[in-house]
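Worksheet: one structure, shown below.
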Amino acid sequence: MSLTVTVLGATGSIGRSTVDLLQQHPGRFRVGALVGGRDAAALAALAGDLRPDFVALADESAGPALREALSGTGIANGAGEAAVMEAVAREADIVVAAVSGAAGLRPTHAALRLGRTVALANKESLVCAGDAFMRDAARYGARLLPVDSEHNALAQALGDGRVADVAKMTITASGGPFRTWDAARIAAATPTEAAAHPTWSMGMKINIDSASLMNKGLELIEAHHLFSIEPERLDVVVHPQSIVHGLVHWRDGAVTAGLAMPDMRVPIAHCLGLGDRLTIERGRGLDLVAAGSLTFEAADEARFPCLRIARAALRDGGAMPTVMNAANEIAVSAFIRGAIPFYGIADLVERACAHFAAEYRTAPADVDEALAIDAHVRDWSAAALPEPRRAG
Ligand code: NDP
Ligand code: MG
């Protein structure tokens, strides 16, 4: 019997890697629903290939274009928040949660509340409302499978072992495009330079976060919630080849690690397999001799202050990760449109964390509270950006 898979964020980088795997295994999977943001043409094209039961776009104004593109196909579709929720509510054995940013919280949480098996790429869900997500996953009997490569590697390295027996978990960072750059050069970096990831092919936002190492900070917070492990037992090491993704250091000195070529289809396939491994066609297997050498170095928090800021937010707890994430999303989009320099990202995020430290001491109790904090901090952060320069 085939498994029904719903993909939230189907037109994105993770979404397309997922679709590739689904297409490689037509007998094993069928597609329940596909959800996108605003790109009607791209979503309709995917739907034409995959023949899902239902297709939804978050952007209501793109509804007519989607309807038009799907006319004659018989594929039910809709646009706006209610349509996205209808897509999530459709029967599915696995929901791949790959919307980018805080926009992913509601649909991902809705899938958890239905007790679904959720392959979680949207790390913001755990960063913004990790306590609530983990509590509700347990309460509604949902399974959370980590798609993020480091966490997927950790889950595989942990196996049936107990977190109580773990001395430390280490996630690796490629170091991003600025790993070898000095601070002055990083300060003048352009969005194109920041988006040029050395090893992974990903969406724009996560590329910039990888260049600042904020992505690693978000991943420490993600690991803290997923594995219920304290910040003191979590560690980052820079590994430019991106082949070792996560390591579990046991208290007896043994270390188990997850290795794979940097290809997001590997962790996604692990999630979709539900314990029964999938074959990946056109994947590159790991050849250690060809890889030659695997190197490791300490992460430099002086040149990459976002990692320091994220560690502090994790340590301080409460809603500080929620605050940090919201400010970072505003800062990254300001950097992409050229409104602030690269270190302006860390500067804005740090100012937001300092500004809201007293106000948001306690962790959000639920998604609504997390999104209210998120909206408040976004407004503050947008207002705290430098005034745009006027022409003439
Ligand atoms: P992309 O930007 O490539 O894709 C985002 C997807 O979300 C698109 O399908 C987009 O649709 C859709 N979307 C945007 N806004 C909404 C909304 N409001 N409601 C519903 N759908 C929406 O992102 P990535 O695939 O790179 O990342 C997705 C998530 O996975 C992120 O949380 C990221 O941190 C995480 N992740 C990504 C990795 C990667 O390798 N890319 C690795 C590990 C984690 P549209 O195209 O129409 O805008
Ligand atoms: Mg990752």
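Counting convention: from 1, in listed order, for ligands and their atoms alike. Counting from 1, the numbers follow the sequence of the chain as shown.
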request  = Look at the rings of F227 and H151 and say which category their plane angle falls in: under 30° parallel, 30 to 60° tilted, over 60° perpendicular.
outcome  = parallel
query = By number and element, which atoms of ligand 1 are closer than 4.0 Å to a non-hydrogen atom of A10?
reply = 9 (O)
query = Which ligand 1 atoms are under 4.0 Å away from a heavy-atom of E124?
reply = 31 (C), 32 (O), 34 (O)
Where L348 and L385 come nearest, the two heavy atoms and their spacing = CD2-CD2, 3.9 Å
key: Salt bridge R351-D347, side-chain N to carboxylate O under 4.0 Å   = yes
message = Using every non-hydrogen atom in the two residues, find where T73 and L70 come nearest and quote the distance to one decimal.
response = OG1-O, 2.5 Å
task = Pull out every atom of ligand 1 sitting under 4.0 Å from any heavy atom of I14, numbered as shown with elements.
result = 25 (O), 30 (O), 37 (C), 38 (C), 39 (C), 40 (O), 41 (N), 42 (C)
inquiry  = For a quick check under 3.5 Å, do D136 and H109 share a side-chain donor-acceptor pair by atom type?
reply    = yes
ask   = Do the side chains of T170 and V244 get nearer than 4.5 Å, heavy atoms only?
value = no
note = Note: ligand 1 atoms sitting under 4.0 Å from heavy atoms of A103 are 17 (C), 18 (N)
Enumerated ligand 1 atoms positioned under 4.0 Å from heavy atoms of A121 = 30 (O), 32 (O), 35 (C), 36 (N), 44 (C)
request  = Look at atom 9 (O) of ligand 1 and find which of T11, L34, V84 reaches it with the closest heavy atom.
outcome  = T11
inquiry  = Side chain, backbone, both or neither: which applies to K123 and ligand 1 if a contact is any heavy-atom pair less than 4.0 Å apart?
reply    = both
query = If you measure from atom 2 (O) of ligand 1 to every heavy atom of S100, A97, G104, which option wins on shortest distance?
reply = S100
query = Taking NZ, NE, NH1 and NH2 as the nitrogens, is one of them in D53 or R90 under 4.0 Å from a carboxylate oxygen of the other?
reply = no
inquiry  = For atom 29 (C) of ligand 1, what's the nearest protein heavy-atom neighbour? Residue, atom name and distance, please.
reply    = V99 O, 3.5 Å
remark   = To atom 21 (N) of ligand 1, the nearest of A40, G36, P267 on a heavy-atom basis is G36
key: CZ (R113) with more than 12 external heavy atoms under 6.0 Å   = no
ask   = How far is atom 4 (O) of ligand 1 from its nearest protein heavy atom, and which residue and atom name does that atom have?
value = G12 CA, 3.1 Å
remark   = The closest protein heavy-atom partner of atom 14 (C) of ligand 1 is G37 CA, 4.0 Å
query = Can D235 and K216 be counted as an ion pair, charged N to O under 4.0 angstrom?
reply = no
query = Less than 4.5 Å apart, any side-chain heavy atom of V127 and any of E219?
reply = no
task = Could you grab the angle centred on the Mg ion (ligand 2), going from OE1 in E150 to OD1 in D148, to 10°?
result = 100°
task = Provide, to 0.1 Å, the distance between atom 43 (C) of ligand 1 and the closest protein heavy atom, together with that atom's residue and name.
result = D148 OD1, 3.1 Å
inquiry  = I'd like to know if D209 pairs up with K205 as an ion pair, taking the criterion as any Lys NZ or Arg NE/NH1/NH2 lying under 4.0 Å from an Asp or Glu carboxylate oxygen.
reply    = yes
query = Among all protein non-hydrogen atoms, which one is nearest to atom 28 (C) of ligand 1, and what is the separation to 0.1 Å?
reply = A98 O, 3.3 Å
request  = Go through ligand 1 atom by atom and flag the ones less than 4.0 Å from a non-hydrogen atom of I206.
outcome  = 26 (O), 34 (O), 36 (N), 37 (C), 38 (C), 42 (C), 43 (C), 44 (C)
ask   = Name of the E219 N, O or S atom nearest the Mg ion (ligand 2)?
value = OE2
message = If the cut-off is 4.0 Å to any non-hydrogen atom of A58, which atoms of ligand 1 fall inside it?
response = 17 (C), 18 (N), 19 (N), 20 (C)
task = Using heavy-atom distances, let me know which of S13, G9, S149 sits nearest atom 3 (O) of ligand 1.
result = S13
Those atoms of ligand 1 less than 4.0 Å from some heavy atom in G203 = 3 (O), 26 (O), 41 (N)
request  = Give the ring-plane orientation class for F342 versus F335, where under 30° counts as parallel, over 60° as perpendicular and anything between as tilted.
outcome  = perpendicular
